[in-house]
Asks: 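Quick one: this structure, given as structure tokens, is what I'll be asking you about.
Below, read A as the first sequence line, B as the second, and so on, with proteins coming before strands; counting in each chain starts at 1.
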Amino acid sequence: MLAVETRNLTKDYDIKKDGKRAHLRAVDGLDLAIEKSEIYCLLGPNGSGKTTTTRLLAGILRPSVGGARILGLDVVEDASQVRSIVGLLTETPALYERLTVRQNLTFIANLYDVPKEEIKTRIEELINLFDLPEKIDLPAGSLSKGMRQKVAIARSMIHDPPVIFLDEPTASLAPESAKVVRDQILKLSKLEKRTFFLCTHNLFEAERLSTRVGIINHGKLISEGTPTQLRDLKKDETTTVFRFAVWDDVIKNFFQERNYDVLDINPERKSISIFIREIEKETPTIIDELIKQNFPMFEVRHEYPTLERVYLELVMSENLPRNQEEEES
Amino acid sequence: MKWRRIWALVKKDLIEFTKSKYVLSAIIGIPLIFAVLIPLSGLLPITSINPADFEGDDTFPDFINNLFASTVDDWESLNMHAQTLIMISYLMFVMVLMLPIIIPAITASETIVGEKERKTMEAILASPITETEIVFAKITSSLIPSIFATFVAAGGYMIITDILIFPFIGQVLFPDFLSIIFILVFGPMISIVSVELMIMISTKVKSVRDSYQIGSLVVLPLIFLIVAGMISFFFNSIATLIGGIAGMVIIIVILFKLATNIFNREKAIIKMT
Ligand SMILES: Nc1ncnc2c1ncn2[C@@H]1O[C@H](COP(=O)(O)OP(=O)(O)O)[C@@H](O)[C@H]1O
Ligand SMILES: [Mg+2]
């Protein structure tokens, strides 16, 4: 059984356009198949439909077309059961500021029917997991933004859900807190076989954490695969950089005479980067020749395309985002 | 309906109320005004008028005499000064009954629109709690402060009024059958109607301030309901009493159905963003 499975998942919002009623297709024919204990990252620009997707999968919005199943349960037919087996960290998670951390978590635990006698230990476990034990009886409003985010993440797991949706979990976290959260996600997925579905625009995070990445734009899945598979999409764009102890324009001539595809010459850094069609075959030959010529070479390195580059190229090539005005408000 | 979830939400709301300066001052301050300020400012000036100034051949119109004769012991034997005090006391009691309308407008706005405004609602909507449970819990939590405030205000009002006018009318006016019915039955029912209307409004508005504003308009017609109820009760017929209560119950049930129909997850989420 798949942890998350969607079939042509589509969501239209009713909006007003020029005073007339219209539809906005926020999610457009999504087909996903996510295995148990995967960490799936949905990457996409603002307004691409990530939040809407998580809301559909968590059973709080109804699909306009198509459908989805969570561990075999239909998000419409079995909505109530779906809600009780998934955890959701919302995009703007708000705590009750006047209530203590413990009161906040107890409240939500009761909504999920967590057995009464387990609530206390469960809260303490989670609070320790996220490194906040001394804050447990303070009003949530007195916590820093990052701490609140951690409490909200803890809250999304209070009922021990097997499938967890986290909408931009580390967006407001300082690097060290983000690391705590990432480490816990990895741990929970490895040791306890939980499935995570993360929305993020943090490519570093996607690369570090995810078993698979889906790239979404204008509500459509435009690419999907493991981080390595996605990087390999641009494998043929690997560049090779040669650096020298002393720079001499003869070096430049060397490469140009041999008709290499020179991408960048940087006399200041004493380096030149070129594009080699058959890296494995040609690189050793070039090195041999450079040594024969007695050029003071001290570094050769390949620059493989990063996930970021793949992502940006995929998204940019689809013209500009539809909601430019929404960029990072 | 799962009572545990409902109670969790009610309890959470009540804790929040007690920690909100604004709600707390409304729940305590407004009843205080009604219980103390109104009887003092309304009755004291009249108690100090020389009873002789009331003497003369004049009497109240027949219909007023009939109205009060059926509720107040020995109405005919009281002098006009005493009769005036009794009339004013009842009139101002109607004002105390505005509390069950006003307080829920505040509490319901805070807990429903407030949760939307502060974005805490989504975590509730993500949980397995049903829409009906949410509406039921929100009615209950908005209602409790209102009932509490009404009891306190009415109790205070009655005690102060009795103390002020006893020397002039020679009998304890409150509590009588009429006021008890109003406080224990009619008041809470009015509160429920008020909360239900506020829940329906809350699905349409985005900020607590808008909710107060629209709420204060919608709540006005309810005041007529109270005055109408009060007047009909004066005729002291058990039939009107039962009819009135039955009518209120029907309104409450219909509004509950409407409120639960209007309040749904999808709309609550979409309207939130
Ligand atoms: N409640 C709503 N009503 C109308 N349009 C909405 C609503 N929520 C989101 N949208 C629109 O749907 C699209 C997708 O939004 P969203 O799912 O929030 O994207 P993301 O999370 O990737 O930033 C955007 O164009 C956004 O403006
Ligand atoms: Mg989003």
Asks: Parallel, tilted or perpendicular: which one describes the rings of Phe182(B) and Phe93(B), with boundaries at 30° and 60°?
Replies: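 Because their plane-to-plane angle is over 60°, the rings of Phe182(B) and Phe93(B) count as perpendicular.
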Asks: Chain B heavy atoms under 4.5 Å from Asp14(A): which part of the residue, side chain, backbone, both or neither?
Replies: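 For Asp14(A), no heavy atom lies under 4.5 Å from chain B.
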Asks: Would you find a donor on one side and an acceptor on the other, under 3.5 Å apart, between the side chain of Lys50(A) and the backbone of Gly44(A)?
Replies: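 Yes, because the side chain of Lys50(A) sits within donor-acceptor range (under 3.5 Å) of the backbone of Gly44(A).
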Asks: Checking heavy atoms, do the side chain of Lys11(B), its backbone, both or neither come under 4.5 Å from chain A?
Replies: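 Neither part, no heavy atoms under 4.5 Å.
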Asks: Taking side-chain hydrogen bond (donor to acceptor under 3.5 Å, both in side chains) as the test, write out the residues that go with Asn104(A), two or more places apart.
Replies: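 Asn104(A) satisfies side-chain hydrogen bond (donor to acceptor under 3.5 Å, both in side chains) with no residue once adjacent residues are dropped.
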Asks: Between Glu38(A) and Thr195(A), does any side-chain donor sit less than 3.5 Å from a side-chain acceptor?
Replies: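 Absent: no donor and acceptor within the cut-off.
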Asks: What residues form a salt bridge (charged side-chain N to carboxylate O under 4.0 Å, His left out) with Glu77(A), not counting sequence neighbours?
Replies: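 By the salt bridge (charged side-chain N to carboxylate O under 4.0 Å, His left out) rule, Glu77(A) matches no residue at all.
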Asks: Could you name the residues of residues 82-91 of chain A that have a heavy atom within less than 4.5 Å of a heavy atom in chain B?
Replies: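 The residues closer than 4.5 Å to chain B, in numerical order, are Arg83(A), Ser84(A), Leu88(A), Thr90(A).
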Asks: Is it the backbone or the side chain of Ser20(B) that comes under 4.5 Å from a heavy atom of chain A, or both, or neither?
Replies: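 Both parts, heavy atoms under 4.5 Å.
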Asks: With only heavy atoms counted, which part of Ala152(A) is less than 4.5 Å from chain B, the side chain, the backbone, both or neither?
Replies: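 Ala152(A) has no heavy atom closer than 4.5 Å to chain B.
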Asks: Give a yes or no on whether a salt bridge exists between Asp13(B) and Lys138(B), defined as a side-chain N under 4.0 angstrom from a carboxylate O.
Replies: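 Lys138(B) and Asp13(B): salt-bridged.
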Asks: What residues of residues 136-150 of chain A sit under 4.5 Å from chain B when you count only heavy atoms?
Replies: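 Interface residues of residues 136-150 of chain A: none, nothing closer than 4.5 Å to chain B.
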Asks: For Arg5(B) and Asn110(A), work out which heavy atoms get closest and say how close.
Replies: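 For Arg5(B) and Asn110(A), the tightest heavy-atom pair comes out as CG-O, 3.8 Å.
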Asks: Identify which part of Ile6(B) has an atom lying under 4.5 Å from any heavy atom of chain A, answering side chain, backbone, both or neither.
Replies: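 No part of it gets close to chain A.
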Asks: Using a 3.5 Å distance criterion without hydrogens, assess whether the side chain of Ser191(B) forms a donor-acceptor pair with backbone atoms of Pro100(B).
Replies: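 Checking the backbone N and O of Pro100(B) against the side chain of Ser191(B), a donor-acceptor pair under 3.5 Å is found.
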Asks: Given heavy-atom pairs under 4.5 angstrom as the criterion, report whether the side chain, backbone, both or neither of Leu61(A) touches chain B.
Replies: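 Contact with chain B: backbone and side chain both.
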Asks: What option among Gln81(A), Arg98(A), Gln103(A), Glu97(A) has the most heavy-atom pairs under 4.5 Å with chain B?
Replies: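 Maximum pair count with chain B is reached by Arg98(A).
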